Amino acid sequence: MLDLLIKNGKVCSSESIKSADVGIKDGKIVMLADQIDVSSKKIEDASGCLVLPGAIDVHTHIDHWGGTANTEDTFFTGSRAAAFGGTTTFIDFAVQRKDEDVATAVKRRIGQIDTETCIDYGVHAHVTDSSPETLKLIPKLIEKGISTFKMFTTYKAAGFKIEDPDMLVLMKEITDHGGLTMVHAENDSFCEELTHRLISQKKADVLHYVESRPAMAEIECISRLLLFARYTRAKLYIVHVTTAESVDLIRQAKREGVDVTAETCTHYLILDDSCYEREDGYKYVMAPPLRKKKDIEALWEGLMDGTLSIVSSDHCDYSTDKKIHAKTDFTKISPGLHGIEWLGPLMYEFAVNRRKIPLTKVIEWLSENPAKVFGIADRKGKVDIGFDADLMIFDPKKHKLLDDQNNHMSSNFCPYKGEKLTGQPVKVYSKGQLIIDSDVFLGGQGKGELLGSRY
Ligand SMILES: [Zn+2]
């Protein structure tokens, strides 16, 4: 006897979209066939709907201290919002504080997430130094299944910046033990110098924000990191790529055999830097900043030809009271934009509906590639036999007009306000449990579990 039988839907993967029934038992997909006629405790009719794997958002900052303020959500509200958008797994960061080692940071963060999250999760270790202790802990963490190490090339004032020699040492250590080096790539000297110049010229208002973190800062840094990866033979992951030139550099490096995986985020694929000229331009202060329309086109091309592999939300939710100071001085706020709930629905609208990109591609970027890159492809990212029943019934005809209120994130505004989306998840399952039924949350706080780790 099955626990759940989803009938008459169109089951989607990166290879195909085909009519099939899905049988679920004990949280796993156990049957997948044209027609299943086995008794089941519950039968769900998905006629007219798609059956999609849950999205895996590999880049989120839930309950995050950004330097001047903490983001609004808890791991409960953040993971619940994710679920409403059809995301069934997220990977967040354990930031090593100045007074602790990286292993302690990981343990602390897991302890925090585990009691709150309603969907499964993973943790990237965010390393802030290259001390002998950190180098000693890297192999130990990898052994325990924490295998991604994030480093920043910028944010010196916040104590995040890793200098070049330290970056090389860390990359080598991570690589030698089979880990993944994840980087935020912006040249800190450029950003610092340009920011100081703008302040002295009394131009630190949001209109000039993009000049403080120009495309050049990202391009230079990605170019340098690709050389570092070539030298150390590292497996490199570049977060939130934003410029056309960065895409070209990554494409070329991949051709030459550098083991690099690159990601972009929903907002860089949709919004451009004209947002900073708006009355509410302060809402769009994030790092890197929004770019030009030509960059947006290059990012989509990069996704289509496999130069970029993953789309994430980089969810970082601040309300307007925390962002408004950027109107006159962008250095007074912590950058970041929320979007954990909109990842799947925005991609369905902007890729499938508007750009006529095959849905199979979007599934690669949101589910299958994230699962592969972050080592959970044995159980997540696909609607297939043996996989966790992390899936959604998605109505491709259901409309939603985005506004400031109609979402479940804790921030009080919507950067895509007024956009009409067609296609919404109507039922979302986490390991076979119905956690979202239209507008109703049925999941449980702390029900999500840590993936790929033995903590
Ligand atoms: Zn981020």
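Position 1 is the first residue of the sequence; numbering continues from there. In listed order, ligands and their atoms are each counted from 1. Source: prediction; values computed, not measured.
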Output field: ring centroids H325/F330 closer than 6.0 Å
no
Atoms of type N/O/S from protein, distance to the Zn ion (ligand 1) below 2.8 Å
3
Are the aromatic ring centres of Y237 and F374 under 6.0 angstrom apart?
yes
Only counting residues at least two apart or in another chain, list the ones meeting side chain to side chain contact (heavy atoms under 4.5 Å, CB included) with K150.
H59, H61, F93, H126, F152, M182, H184, V239
With ring-ring contact (aromatic ring centres under 6.0 Å, His included) as the test, would you mind laying out the steps for F75 and Y121 before giving the verdict?
CA-CA 10 Å; F75 278 99; Y121 71 98; 7.7 Å; no
Which atom pair, heavy atoms only, marks the closest approach of T77 to S410?
OG1-OG, 3.5 Å
Taking the six-membered ring for Trp and the single ring otherwise, decide whether the centroids of Y282 and Y209 are under 6.0 Å apart.
no
